[in-house]
S.K.: 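Mind looking over this structure? Questions follow.
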Amino acid sequence: MEPGPPGSSGPAEPGPCLSGQRGADHAASASLQSAARTEPGRHSLAVAAVLPAGGCGERMGVPTPKQFCPILERPLISYTLQALERVCWIKDIVVAVTGENMEVMKSIIQKYQHERISLVEAGVTRHRSIFSGLKALAEDQLNSKLSKPEVVIIHDAVRPFVEEDVLLKVVTAAKEHGAAGAIRPLVSTVISPSADGCLDHSLERARHRASEMPQAFLFDVIYEAYQQCTDYDLEFGTECLQLALKYCRTKAKLVEGSPDLWKVTYKRDLYAAESIIKEIISQEICVVMDSKEDNKHVGHLLEEVLKSELNHVKVTSEALCHAGRHLQQIILDQCYNFVCVNVMTSDFQETQKLLSMLEESNLSILYPVVVVSVHFLDFKLVPPSQKIENLMHIKEFSKKVKERNILLYGLLISYPQDEQKLQESLRQGAIIIASLVKERNSGLIGQLLIA
Ligand SMILES: Nc1ccn([C@@H]2O[C@H](COP(=O)(O)OP(=O)(O)OP(=O)(O)O)[C@@H](O)[C@H]2O)c(=O)n1
Ligand SMILES: O=C(CO)[C@H](O)[C@H](O)COP(=O)(O)O
């Protein structure tokens with residue numbers, strides 16, 4: 001089999017992958033993509049995915065089903081869809097939702113511009129929801145734009161951090177073995193209680209694994225298994241791999257998954273997911289300045305201090321000139337944090353230019369973009385009170401851009417003549433910027449902070 005074209009293993013649109021490319025198996029990716037290509041005369045491996053999303057999230061203990069709970073104001077399921085649809089070799093994604101939530105789901109698809117999604121009605125149990133998705137993919141469905149895939153991935157809608165490499169591994173293994181699923185080492189030991197509530201026996205932890213998602217199957221295997229299984233299986237079963245074993249004698253290949261594959265189940269899992277997402281989108285900060293010498297000088301000083309204060313963050317700088325071509329590239333490359341440098345001025349001309357560029361791009365559709373409008377003022381020459389009226393305009397700007405998911409904050413940094421004092425205020429400013437970027441607190445937008 002020929003390898004895929006160079007660079008073809010990069011993420012497809014839209015948006016960055018939350019899970020990134022950590023540890024991606026590029027060789028396998030190239031070979032699967034080659035198999036998945038649909039050039040005439042070439043064998044193509046058709047892969048689809050079914051996402052059960054019809055649960056009510058009882059264990060979460062909130063009225064909204066957990067798949068629709070917001071993380072940074074975007075429903076959890078949208079993150080999972082994004083992780084799957086960026087994998088270009090998955091042709092169709094079938095999502096099972098309850099009739100009650102069908103319209104909500106349609107509006108999520110529209111708002112976040114998800115593609116290749118089909119909706120089916122969920123069942124009263126997870127297995128029934130999955131079966132409903134499989135039926136939609138089976139060939140015998142009338143009026144369906146879907147076609148039967150060779151391999152189908154099954155993935156819970158509430159596991160947003162699924163990486164391309166694990167999808168690839170389960171699909172490749174399913175093609176060979178008929179079924180495959182991701183596993184993780186057990187965190188706790190599994191024990192069996194007896195009827196009187198006492199310990200009957202405990203399992204040897206090292207010999208057992210937790211079954212996670214994604215799983216993948218030859219479509220004919222899993223569809224046959226679901227068609228044959230009993231009402232009891234559909235009502236109480238929790239393991240698709242077991243159905244393939246029981247009804248098709250297909251022994252699933254088990255694939256080691258990453259810790260991020262865990263299922264959002266309890267309220268605390270939403271907080272954990274939010275922290276992971278915030279960390280991923282805070283990896284890069286771009287310092288933007290105009291081409292005036294003074295601005296460039298101060299901008300670069302701030303860039304250096306940010307670099308030394310934030311070891312793990314990539315800090316770059318860019319000018320707002322040349323029709324912003326370089327800056328546009330940075331936006332296209334999905335940098336979600338900008339610091340706009342203004343020296344001895346309280347107007348927002350430069351910041352507004354940057355905001356217009358961001359508004360024109362689609363960058364903030366999926367994640368909130370942070371913009372810190374930094375104003376360097378010599379507080380001895382110009383007391384901040386003199387500039388405050390002008391600076392207060394940030395409130396209106398921030399309100400307006402918040403509608404586009406851009407979080408605008410103001411920061412006054414003291415700009416003394418004394419070099420040592422300047423370094424200290426730059427350091428203070430960098431700490432505030434780091435915290436704004438990390439926290440993405442929408443309650444603080446339009447505020448003027450002072451370093
Ligand atoms: N009738 C159901 C029940 C569950 N699911 C989906 O199966 C996945 C995993 O199930 P689980 O974590 O158990 O979700 P819930 O059933 O919603 O949660 P809980 O058990 O706490 O009620 C979720 O994406 C969930 O929406 C489904 O499609 N149809
Ligand atoms: O991990 C899984 C598969 O092996 C499933 O996500 C899990 O078993 C689903 O069960 P439930 O909906 O009861 O949590």
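Just so you know, ligand 1 is whichever comes first in the structure, and atom 1 is the first atom listed for that ligand.
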S.K.: Check for me whether Thr265 has a heavy atom closer than 4.0 Å to any atom of ligand 1.
M.R.: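 Contact absent.
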S.K.: So that I know where these two stand, are Phe236 and His127 an aromatic pair - ring centroids less than 6.0 Å apart?
M.R.: no
S.K.: Quick check: does Val124 get an N/O under 3.5 Å from an N/O on ligand 1?
M.R.: yes
S.K.: Checking Tyr247 now: which residues fulfil ring pair (Phe, Tyr, Trp, His ring centres under 6.0 Å) with it, not counting sequence neighbours?
M.R.: none
S.K.: Write down the atom of Pro149, the atom of Phe219, and the distance for their closest heavy-atom approach.
M.R.: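 Heavy-atom minimum between the residues: O-CB, 3.1 Å.
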S.K.: For the pair Arg116 (side chain) and Asp92 (backbone), establish whether a donor and an acceptor sit closer than 3.5 Å, ignoring hydrogens and angles.
M.R.: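 No: the side chain of Arg116 does not pair with the backbone of Asp92.
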S.K.: Under 4.0 Å from a heavy atom of Cys56: which atoms of ligand 1 are those, numbered in the order shown and with their elements?
M.R.: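 Those atoms are 17 (O).
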S.K.: Against heavy atoms of Ser129, which atoms of ligand 1 measure under 4.0 Å?
M.R.: 1 (N), 2 (C), 27 (C), 28 (O), 29 (N)
S.K.: Taking the non-hydrogen atoms of Gly123, is any one of them nearer than 4.0 angstrom to ligand 1?
M.R.: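 In this structure, Gly123 qualifies as a contact of ligand 1 - some heavy atom is under 4.0 Å.
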S.K.: Is Ala96 close to ligand 1, meaning an N/O of one under 3.5 Å from an N/O of the other?
M.R.: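 The answer is no, given that Ala96 and ligand 1 share no N or O pair closer than 3.5 Å.
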S.K.: Give yes if a backbone or side-chain nitrogen or oxygen of Val264 is under 3.5 Å from a nitrogen or oxygen of ligand 1, and no if not.
M.R.: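 N/O-N/O distance under 3.5 Å: no.
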S.K.: Is Lys395 close enough and on-axis enough to Phe397, meaning under 6.0 Å and within 45°, for cation-pi?
M.R.: no
S.K.: Can you tell me if Pro65 has a non-hydrogen atom under 4.0 Å from ligand 1?
M.R.: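 It does not, in that no heavy atom of Pro65 comes within the 4.0 Å cut-off of ligand 1.
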S.K.: Which bit of Gln67 is near ligand 1, meaning a heavy atom under 4.0 Å away: side chain, backbone, both or neither?
M.R.: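 Gln67 to ligand 1: side-chain contact only, backbone stays beyond 4.0 Å.
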S.K.: Provide the closest heavy-atom pair for Glu439 versus Lys278 in the form atom of the first, atom of the second, distance.
M.R.: O-NZ, 3.1 Å
S.K.: Please determine whether a side-chain nitrogen of the Lys or Arg among Glu103 and Lys106 lies less than 4.0 Å from a carboxylate oxygen of the Asp or Glu.
M.R.: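 Yes, charged N to carboxylate O under 4.0 Å.
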